[in-house]
Amino acid sequence: MFKFFSAFRKEWIVLVRDVPGIILLFLMPMVMLVILSLVQEFGWNAVAKEPKIHVLFVNEDTGNLPALIEKGLDDSRMFVVLKKLNADSLTRETAREKVRTGEYQIGVIIPKGASKKIERKVQMMITQIMSGIMMPVGNPFFGMENKDSVNIIIYFDPAIKGTFKAAFLSSMKEYSLKIESNMIFQTFNDELKKLFPQYLSSFKEFRETVYFTEEYPSGEKEPVIATSTQHNVPSWAIFAMFFIVIPLSSSMIKEREEGSVIRLYTLPVSYFTVFMSKVGVYLIVCFVQFIFMVLAGIYLLPLFSLPALSLSNHYFSLTIMALASSMAALGYGIMIGTLANTHQQASAFGSVSIVILAAIGGLWVPIYFFPHAMVKVAALSPLNWAHEGFLTIFLRDGEVADILPQVFKLLVFFIVTTTVAAIYRKTNPHIGS
Amino acid sequence: MPDRPIIEIRELTKRYKGADEPAINSISLDINKNEIFGLLGPNGAGKTTTISILCGLFPPTKGSVTINGLDIHADIRKIKQIIGVVPQDIALYPTLTARENLTFFGNMYGLRGKVLKNKIDDYLTEFGLERHAGKMVARFSGGMKRRVNLIAGLLHDPKVIFLDEPTVGIDVQSRLEILNYLKLINKKGTTIIYTSHYMEEAENLCSRVAIIDRGSIISLGNPKELVAEHPEFKNLENIFIHLTGKELRD
Ligand SMILES: Nc1ncnc2c1ncn2[C@@H]1O[C@H](COP(=O)(O)OP(=O)(O)OP(=O)(O)O)[C@@H](O)[C@H]1O
Ligand SMILES: [Mg+2]
């Protein structure tokens with residue numbers, strides 16, 4: 001233990017004396033975080049932050065469907081619903097004109113009778129279902145085709161991005177589906193009420209617990225909003241932690257080049273002790289790196305009018321996740337430091353491979369934009385495991401149990417990489433460390 | 001009956017990966033307690049390779065070695081505790097000061113605290129470095145680095161010390177200081193194995209020398225006796241040239 005601490009101390013001094021290296025190690029990722037967050041913020045705003053996109057909303061209907069759709073758009077926090085322009089009620093024509101000229105990006109028109117149609121459709125479906133159960137013959141709606149679909153018209157500014165258009169359409173589809181199933185339930189319930197008063201209570205419970213919790217997943221709580229910061233801080237923190245590979249491998253190569261490793265091997269101390277002291281020092285660096293990035297997310301980004309990072313009390317799972325990611329990064333650094341012959345090899349291969357692993361791991365472009373085949377590839381990147389773990393904590397409110405699969409994979413990666421390094425060292429003994 | 005030799009080398013062979021010829025080829029040699037033994041030979045003869053194996057840096061391809069009765073393979077940890085090593089290339093951390101380097105290496109031999117500090121102070125004074133103890137080794141002159149490199153191998157009072165060209169690239173004063181110090185610790189009971197390209201130095205210092213070339217021992221004995229056996233060559237250097245030829249080596 002005494003030798004370990006002495007080796008640790010030596011390693012620490014060597015590291016902190018490398019002032020330019022330290023500055024580069026800590027400052028670079030922070031600068032990248034701020035700059036790239038600023039760059040992304042503009043694009044991200046358009047899809048995920050405060051209400052920014054104005055939707056012209058024309059209601060020609062008298063039923064309750066328009067109000068439901070309006071509420072859905074409002075709740076999404078992406079859109080501001082405009083029903084009037086300069087105190088004038090909107091018409092189909094003005095909306096179309098405004099969107100055509102690009103003054104507004106989206107127009108939604110709920111045509112007359114839409115609510116009626118949807119209600120009829122629902123009624124029809126219920127009748128079909130009920131008749132299937134109760135009345136095998138003699139229903140007037142039975143066997144009737146459902147061609148009577150509801151036609152909501154949506155105008156898009158032609159300049160709007162395709163992905164954004166797709167996102168809007170899919171969320172509209174989602175609202176109407178929700179509304180529809182809501183209505184189905186309502187009607188179904190009403191029908192059942194008439195038939196079986198004794199089952200009513202249990203169905204009501206089912207409806208309220210299951211259905212409504214699905215619609216409002218976080219209940220009273222403000223849902224965590226995926227700001228650019230929530231995405232960027234974990235990405236860049238992982239990236240920064242994995243860049244420990246460069247100083248770590250360079251420290252190993254330096255020991256070989258400077259020859260100190262020769263003496264190290266003539267000392268009555270095990271390789272394991274010396275090795276663990278190095279791992280210990282760089283683990284601290286990695287962890288501090290992570291803390292700095294989190295602090296930058298909380299305190300530095302708001303200075304640039306970017307949203308602040310929200311940690312929501314998951315300190316323990318964050319610590320576990322940060323340590324596991326650090327171990328994976330260290331293992332990778334040790335492997336490169338052992339296999340590479342020169343600084344150039346190590347830093348070139350180290351940095352390029354980390355950039356690639358980050359890119360295919362979905363650190364910069366979210367996985368859900370990947371083509372299907374790439375998603376499988378992404379799952380091979382240790383940076384992806386780390387990222388998944390952090391997103392589970394930052395966005396999905398994950399607990400320790402939720403991140404265990406990622407923690408496990410990262411630790412296995414550490415063991416595999418250090419084993420590769422150890423085997424290579426054994427088979428090439430005179431290369432030193 | 002004489003003591004068992006402190007170092008026994010038997011048919012030691014080392015072939016580096018990918019090399020056509022072995023770097024050392026079936027060397028057998030006994031070195032007695034309290035000798036100053038010189039390993040001489042042209043560049044690439046296999047001196048560093050031999051010393052590296054004796055220090056446990058890497059295993060031989062074939063052959064066996066015992067040091068102080070301990071097997072190099074089985075008891076390497078115990079051997080490392082009783083040997084001192086001064087590598088041919090400076091083996092220090094350039095961004096650490098002389099004192100920090102020596103403290104770290106001393107710690108690795110299990111030395112610590114006041115005992116270690118006093119030892120380091122004594123050695124630094126002995127080798128004229130006391131004023132530079134707190135300076136980074138990177139800022140040292142070549143000769144100063146060599147002296148720290150030497151101290152690092154002496155700190156734990158080893159029974160056997162291996163020095164690979166300890167006097168290369170240093171001025172006459174430092175060299176005399178180093179050689180005198182080696183004689184002193186040898187008198188106190190330390191066995192010294194050392195390599196050099198300076199024949200005159202070896203002739204004066206060593207109780208015995210082995211001249212190796214292309215991985216094999218081609219001559220072995222007391223330097224004065226070797227010169228006496230070949231009066232026509234007058235000194236060790238001429239014998240060396242005679243034995244190894246004038247051709248340049250890798
Ligand atoms: N790591 C290595 N890999 C492959 N070959 C090596 C290695 N180290 C040394 N050699 C070769 O082994 C032979 C002996 O080298 P060694 O360093 O032992 O010579 P030396 O006697 O110490 O020479 P010098 O006087 O130049 O220090 C040389 O041919 C050298 O090229
Ligand atoms: Mg040599």
**Student:** To check you understand the geometry: which heavy-atom pair defines the closest contact between A/Glu258 and B/Pro94, and what is its length?
**Tutor:** OE1-CD, 3.0 Å

**Student:** Residues of residues 413-423 of chain A under 4.5 Å from chain B (heavy atom pairs)?
**Tutor:** none

**Student:** Please determine whether the number of non-hydrogen atoms from other residues, nucleotides or ligands lying under 6.0 Å from atom CD of B/Glu130 exceeds 12.
**Tutor:** yes

**Student:** Which atom pair, heavy atoms only, marks the closest approach of B/Pro87 to A/Arg263?
**Tutor:** CD-NH2, 3.6 Å

**Student:** If you tally heavy-atom pairs under 4.5 Å against chain A, which of B/Thr95, B/Ile76, B/Ile83, B/Asn101 wins?
**Tutor:** B/Thr95

**Student:** Let me confirm one number: the OH-CD distance from B/Tyr93 to A/Glu11, rounded to the nearest 0.5 Å.
**Tutor:** 6.5 Å

**Student:** Count the heavy-atom pairs under 4.5 Å between each of B/Gly56, B/Gly153, B/Ala152 and chain A, then report the option with the highest count.
**Tutor:** B/Ala152

**Student:** Can you tell me how far CZ of A/Phe4 sits from CG of B/Asn107, rounded to the nearest 0.5 angstrom?
**Tutor:** 13.5 Å

**Student:** Could you tell me which portion of B/Glu100 (side chain, backbone, both or neither) has an atom closer than 4.5 angstrom to a non-hydrogen atom of chain A?
**Tutor:** side chain

**Student:** For A/Phe2, is the NZ or CZ atom of B/Arg112 found under 6.0 angstrom from the centre of its six-membered ring and inside 45 degrees of the ring axis?
**Tutor:** yes

**Student:** Would you give the length of the straight line joining atom CG of B/Asp89 to atom CD of A/Glu257, rounded to the nearest 0.5 angstrom?
**Tutor:** 12.0 Å

**Student:** Can you tell which part of B/Leu96 gets under 4.5 Å to a heavy atom of chain A, answering side chain, backbone, both or neither?
**Tutor:** both

**Student:** Would A/Arg17 and B/Met136 satisfy side chain to side chain contact (heavy atoms under 4.5 Å, CB included), going step by step from the backbone distance to the final call?
**Tutor:** CA-CA 10 Å; A/Arg17 294 242 166 103; B/Met136 273 192 210; 3.5 Å; yes

**Student:** Quick check on B/Leu111 against chain A: is it the side chain, the backbone, both or neither that has a heavy atom closer than 4.5 Å?
**Tutor:** backbone

**Student:** Chain B: which of A/Ala7, A/Ser260, A/Gly259 shares the most heavy-atom pairs with it under 4.5 Å?
**Tutor:** A/Ser260

**Student:** Does atom NZ (B/Lys119) have a neighbourhood of more than 12 heavy atoms from anything else shown, all under 6.0 Å?
**Tutor:** yes

**Student:** I would like to know whether B/Phe104 and A/Arg9 meet side chain to side chain contact (heavy atoms under 4.5 Å, CB included); could you show each step before the answer?
**Tutor:** CA-CA 9 Å; B/Phe104 168 65; A/Arg9 201 180 92 93; over 6 Å; no

**Student:** If you look at every heavy atom in A/Pro268 and B/Gln81, which pair is closest and at what distance?
**Tutor:** CG-OE1, 3.1 Å

**Student:** Search all heavy atoms of A/Tyr265 against all heavy atoms of B/Lys80 and return the closest pair with its distance.
**Tutor:** O-NZ, 2.7 Å

**Student:** Taking atom NZ of B/Lys159 as the centre, report whether more than 12 heavy atoms of other residues, nucleotides or ligands fall under 6.0 Å from it.
**Tutor:** no

**Student:** I need the B/Tyr109 OH to A/Leu267 CG distance, nearest 0.5 Å.
**Tutor:** 4.5 Å

**Student:** Quick one: list whatever passes salt bridge (charged side-chain N to carboxylate O under 4.0 Å, His left out) with A/Asp18, sequence neighbours left out.
**Tutor:** none

**Student:** In terms of heavy-atom pairs under 4.5 Å with chain B, which of A/Thr266, A/Ile262, A/Thr273, A/Val274 leads?
**Tutor:** A/Thr266

**Student:** Side chain, backbone, both or neither: which part of B/Asn149 has an atom under 4.5 Å from a heavy atom of chain A?
**Tutor:** both

**Student:** Should the heavy atoms of other residues, nucleotides or ligands under 6.0 Å from NE2 of B/His73 be counted, would the total exceed 12?
**Tutor:** no

